[in-house]
Amino acid sequence: MKQRVSALLREKLGREVVLEKPRDRSFGHFATPIAFSLAKELRKSPMVIAEELASSFSESAEFSSVESVKGYLNFRLSENFLAEYASWALDNPSAFAKGENNQKILLEFVSANPTGPLHIGHARGAVYGDTLYRLAKHLGYDITAEYYVNDAGNQIDLLGLSIQLYAREHILNESVVYPESYYRGEYLDALSQGAKEHFGIEILSDESRQKELAMWAKDKVMEIVVDTLAQTNIHFDTFVNESGLYKDWDRVMKKMGDNVYEAEGKLFIKSESKGDDHDRVVVRDDGRPTYLAGDIVYHNQKFERGYDHYINIWGADHHGYITRVKAAIDFLGYESEKLEVLLAQMVSLLKDGEPYKMSKRAGNVILMSDIVDEIGSDALRFIFASKKSDTALEFDLAEFKKQDSSNPIFYIQYAHARIQTLLSKATVTKEDISKASLKNLGENADTLLFDALLLPEVVEDAFNSRQVQKLPEYLKSLAASLHKFYYDVRMIGTEDEAKLLKLLLVVALSIKTGLSLMGIEAKDRMEREEV
RNA sequence: GCGCUCGUAGCUCAGCUGGAUAGAGCACUGGUUUGCGGUACCAGCGGUCACACGUUCGAAUCGUGUCGGGCGCACCA
């Protein structure tokens, strides 16, 4: 709709025009303050310009009215236009709100180390990434969801060690002296039991076999990770293992040319010349590559695969890392502007107002799977998608267990279910409904119809701005409009039943489509809580 | 110290490509149809949009500075 209006204005004025939603719906469906910016160049008052523009639109079929108020230009879409659009959407539900972009995008997210289960911090990036992914797909982008598996380096050695430590204490009943850093958590129990069965009990105490143990275990951990993500409707198209990338090492270094140099027996990249604080070590003096080394070969491989655009979602604690990776991409001869890094901020949890502490050292990490068990995948997704990803978030678990309007996911689901209930009570046939006209519905209904048809704009805006919270915000307000409408207007058994139900179908379509873009399935009825 | 980021109602957060009286939910107070699920709806209460200066016809939104919170400043990942 908005595109249509924009296009008309562009045609008329020969320039892009800012369109906004008026705060007060009585002003119309769309508005633009264009007259203010024209005032200077035309040397006329904004009021006069707006008047002139308004009258020039009087012939358009798309608008029922175009008015100028205090210099603003307010557009009201015609019933015909809205009705036709809505009918089209109902006839082509799977095409509703879709777009026609064909850019190839590589979206990398989660990429948690395969050394333990996902915790609550990973969940935020996971939900954010998957929501972006769904939006992009819907808009027609050729997008690939990728998980980078850091299965090389210290953390993997540490995994082998940690399993042995755990097994020695709990399976072999030895007394163990713990080093400064190692992993802990319940999952080690399953891993050590599994290792015992797979390799035999000797591997649990043979230090020379730690690597072998770790390489086996990291695949098991990835199974846990993939499983947790699947619980939340998150799936990846591709997984790239860091360990498989080093065969290209020499070739990649050659590509970097003289942006790599040796000093003190180590290999550096000249990242300082690209705005970094100082040059970074890529290979240590003992020959072991650093974390950055892995990212260099990985990003080289990404760019060799040839996408139009790259998006990485990283935890906010990695933001200092962006410059380095971009520097490396430049050195490799690619355009680092094609890489967009989005940061997901920290999450802190409350339960009934009390902080829910997460401490790695004590091993009582809050697992993503625990939260899913506690409040369900839908609520988890909704919470994380509802907040701007780049601000720290605090939320209370208890709020999302409530079964009433204070719980937004419940509220939206209830709106959808309410519509289904009404449809099941209809005294008219499906055919009556689909043939019904959406005209002459009255003002309340027109407003609701317009709100429901806004989804395409919201989807596009949410993706383009990378602000996925716009979608849940929209769904909340659409649900509110629906509940209010339900309260104000009696539908079943009235003269207008067919057309009103058709209107509700449009609302349901929007809600259902919107929820599915958030990885949430719309419900047709709410289960009453047993009291 | 340097860099990034955030500071909007008692709480959790929207709004930020500058635009018409600053929004929602929670909490608190009070209401609601002799009707489709009251698992809902309405109203009230509550704000110097951290502060200052600047740009502009117009600033919560842009710029600079100050204060405050978070994160980062590894040859750890």
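So that the names make sense, note that chain A is the first sequence line, chain B the second, and so on, each numbered from 1.
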Enquirer: Scan nucleotides 55-59 of chain B against the protein and return all N/O pairs shorter than 3.5 Å with their distances rounded to 0.1 Å.
Expert:
from: C57(B); atom 1: OP1; to: Lys40(A); atom 2: NZ; distance (Å): 3.3

Enquirer: Could I get a table of every N or O pair under 3.5 Å where one atom is in the protein and the other is in nucleotides 27-32 of chain B?
Expert:
from: U32(B); atom 1: O2; to: Tyr487(A); atom 2: OH; distance (Å): 2.9

Enquirer: Mind checking Val341(A) for me? I need base, sugar-phosphate or nothing, with any heavy atom below 4.0 Å counting as a touch.
Expert: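 Nothing: the residue Val341(A), judged by heavy atoms under 4.0 Å, touches no strand.
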Enquirer: Have a look at Arg490(A) and say if it touches a base, only the backbone sugar-phosphate, or nothing, with a 4.0 Å heavy-atom cut-off.
Expert: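 Base contact - Arg490(A) has a heavy atom under 4.0 Å of at least one base atom.
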Enquirer: Give Ala39(A) one of three labels, base, sugar-phosphate or nothing, depending on what nucleic acid heavy atoms sit under 4.0 Å from its own.
Expert: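 Answer is nothing: Ala39(A) stays at 4.0 Å or more from every strand.
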Enquirer: Between G63(B) and C6(B), how far apart are the two P atoms, rounded to whole Å?
Expert: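 The answer is 11 Å between these two P atoms.
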Enquirer: Tell me the salt bridge (Lys or Arg N to Asp or Glu O under 4.0 Å) pairs involving residues 28-37 of chain A, sequence neighbours left out?
Expert: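 Sorted result for residues 28-37 of chain A: empty, none.
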Enquirer: So what does Arg288(A) touch, heavy atoms closer than 4.0 Å: a base, only the sugar-phosphate, or nothing?
Expert: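 Arg288(A): no heavy atom of the nucleic acid under 4.0 Å.
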Enquirer: Between U55(B) and U12(B), how far apart are the two C1' atoms, rounded to whole Å?
Expert: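 The same atom, C1', in both gives a distance of 34 Å.
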Enquirer: Is the Lys NZ or Arg CZ of Arg124(A) less than 6.0 Å from the centre of Tyr128(A)'s six-membered ring, within 45° of the axis?
Expert: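 No - Arg124(A) does not lie over the ring of Tyr128(A) by the 6.0 Å and 45° rule.
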Enquirer: Using the P atom as the point on both nucleotides, what is the distance between G10(B) and G47(B), in whole Å?
Expert: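 Per the computed distance, 7 Å lies between those P atoms.
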Enquirer: According to ring pair (Phe, Tyr, Trp, His ring centres under 6.0 Å), who are the partners of Phe109(A), at least two apart in sequence or on a separate chain?
Expert: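 For Phe109(A), the residues satisfying ring pair (Phe, Tyr, Trp, His ring centres under 6.0 Å) (neighbours in sequence not counted) are Phe236(A).
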Enquirer: Kindly indicate whether the side chain of His319(A) and the base of G3(B) share any N or O donor-acceptor pair separated by less than 3.5 Å?
Expert: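 When only heavy-atom distances are counted, His319(A) does reach the base of G3(B) through a donor-acceptor pair under 3.5 Å.
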Enquirer: Any N or O donor-acceptor pair linking the side chain of Asp295(A) to the base of A77(B) at under 3.5 Å?
Expert: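 Under the 3.5 Å cut-off, the side chain and the base do not form any donor-acceptor pair.
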Enquirer: Residues two or more places apart in sequence or in another chain: which of them pass side-chain hydrogen bond (donor to acceptor under 3.5 Å, both in side chains) with Tyr187(A)?
Expert: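 Counting only residues at least two positions away or on another chain, Tyr187(A) forms no side-chain hydrogen bond (donor to acceptor under 3.5 Å, both in side chains).
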Enquirer: May I ask you to decide whether Glu146(A) forms a salt bridge with Lys302(A), counting only side-chain N to carboxylate O separations under 4.0 Å?
Expert: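 Not counted as a salt bridge, because no side-chain N and carboxylate O are separated by less than 4.0 Å.
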Enquirer: If you pin Ala479(A) and Glu20(A) to their nearest nucleotides in RNA chain B, which one's is more 5'?
Expert: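 Looking at RNA chain B, the more 5' nearest nucleotide goes with Glu20(A).
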Enquirer: Any base atoms under 4.0 Å from Tyr411(A), or only sugar-phosphate, or nothing? Heavy atoms, all strands.
Expert: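 It contacts sugar-phosphate atoms only.
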Enquirer: Base, sugar-phosphate, or nothing: which does Asn464(A) touch, judged by heavy atoms less than 4.0 Å apart?
Expert: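 Nothing, no nucleic acid heavy atom in range.
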Enquirer: If you measure from the C1' atom in C71(B) to the same atom in A52(B), how many Å do you get, rounded?
Expert: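 Going atom to atom, C1' in each nucleotide, I get 27 Å.
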Enquirer: Give the dot-bracket string for RNA chain B, reading 5' to 3', where a pair is Watson-Crick or G-U wobble with both distances under 3.5 Å, ( ) marks pairs inside the strand, [ ] marks pairs crossing earlier ones, | marks a partner on another strand, and . marks unpaired.
Expert: (((((((..((((.....[...)))).(((((.......))))).....(((((..]....))))))))))))....
